[in-house]
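Just so you know, ligand 1 is whichever comes first in the structure, and atom 1 is the first atom listed for that ligand.
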Amino acid sequence: MVRCTFYGAVRTVTGSMHLVEAGGARLLLDCGLFQGPRAQAAEINGRFPFPPSTLDAVLLSHAHLDHCGNLPTLVSAGFRGPIYCTPATQDLAALVMHDSAKIQQQDAHSVNKRLRQGERPVQPLYTTADVDRAIGRLTGVAYGTPVQVGTARITFANAGHILGSAITVVEADGRVLGFTGDLGRSNTLLLRPPATPPALDVLITESTYGDRTHEPYDTAVPRLGDAVRQTVARGGVVMIPAFAVDRTQDITYALYHLGAAGPAAAVPAFVDSPMAVSATQIYRRHPESLNDALRAELERHDDPFGSTTIRYIREIEESKTLNSRTDPFIVIATSGMCESGRILNHLSRHIGDPRAALLIVSFQAANTLGRRLADGVSPVHILGETYDVRLEVKALPAFSGHADGSEVLAWVRKIPRVGHVYCVHGEEAQSLALAQRLAAAGYAVDVPTRGQTVEV
Ligand SMILES: [Zn+2]
């Protein structure tokens, strides 16, 4: 018998975490950071619904913060086992967790500066030292190489979502369970398409875009080219908020190829994020997730991430020099949802300029500045100031790194047999919509509630 309890990213997107009990082992699928209002996030991230010391291993699907970002808390709360993940995830997760500790320490510092009398100071959820202890437990396992915990056999397969992302397959007690982590798309710029797992008794699938149909991926690059050309033609600055991991590499790769075709090379382009600089180096080191075309370019020593044509900025002083530029340029900066990071400096400088453009190239969660801008809200608050929004905000959803509802369905149909599907990792309406589509296609499917346990 295999038991699964759904603890996080259930009827919501962030905080991915599920407990699987199989083959005499207690295995945690992901340990992601829940991102939401401060008090709720502190409560959910700070307290585990099980004693962490009772777990035998963590199986980490990929290095996004909402999947790996609470591992340091788990380790400081007593977890002592291995954290299995692919070697690329091992490198990227170290980067992402260190960045998270830095943001939390800065955030706690800025809240504590504004404390009123009698209010208790806020503590960061974890520190750099906690992150180092979690990194010490990361254990890289290549795609297709099984590891054994108890009598459970665990294998990772390519999920095509970001570098190193994995579909996790757990075989134990005569049952097979599959977990998509986040599922990518089949023809993206950088990655190999998602692998097809073997016959499954249970499939836990993400449902971020359960009721959406993305534009075809091959429209993404031409549309980016059009948006850049139009903005530059009217003398505006192009700002692209992007996660340091994956979306930045997608965009630099697209700009590089557009540059080869002409239009985007007319203006300078900058990647303004120290973390993105490091992440791009990790992409170069791990060709095992990359698609054949990109591998061939790297083997030919081409420059697909534009390290000679795009200026990568680490130092804050150099970042500030962009503020004094009056000519059009392109800047890619974190954070991807405009919640923190250097994108805020660029936005506050250009948000009132009708010639400028903000290009939205990734998922924007509810209650983020990126979502408010995408929804046309004005005025907005940035770094304590109020701004009227006069720049153009343009969404380019074709760049999405998540399979849409029909792409998930097409992928599920390739699996030889699926006993029961559980939809997680989506806002409730999206999870329910995907469940409806799967049910209409003849699958037994449920959207679990938080804390629900199922047995097969
Ligand atoms: Zn992800």
With a 4.0 Å cut-off, would you call Asp201 and Arg417 a salt bridge? yes

May I ask you to say whether Arg133 pairs ionically with Asp130, meaning some side-chain N is under 4.0 Å from a carboxylate O? yes

Opening angle at the Zn ion (ligand 1) [NE2, His62; NE2, His161; to 10 degrees]: 100°

Has His67 got an N/O/S atom less than 2.8 Å from the Zn ion (ligand 1)? no

With a 6.0 Å cut-off on ring centres, are His425 and His67 close enough? yes

Tell me whether the centres of the aromatic rings in Tyr7 and Phe50 are closer together than 6.0 Å. yes

Among the N/O/S atoms of Asp182, which is closest to the Zn ion (ligand 1)? Give the atom name. OD2

Atom name in His64, limited to N/O/S, at shortest distance from the Zn ion (ligand 1): ND1

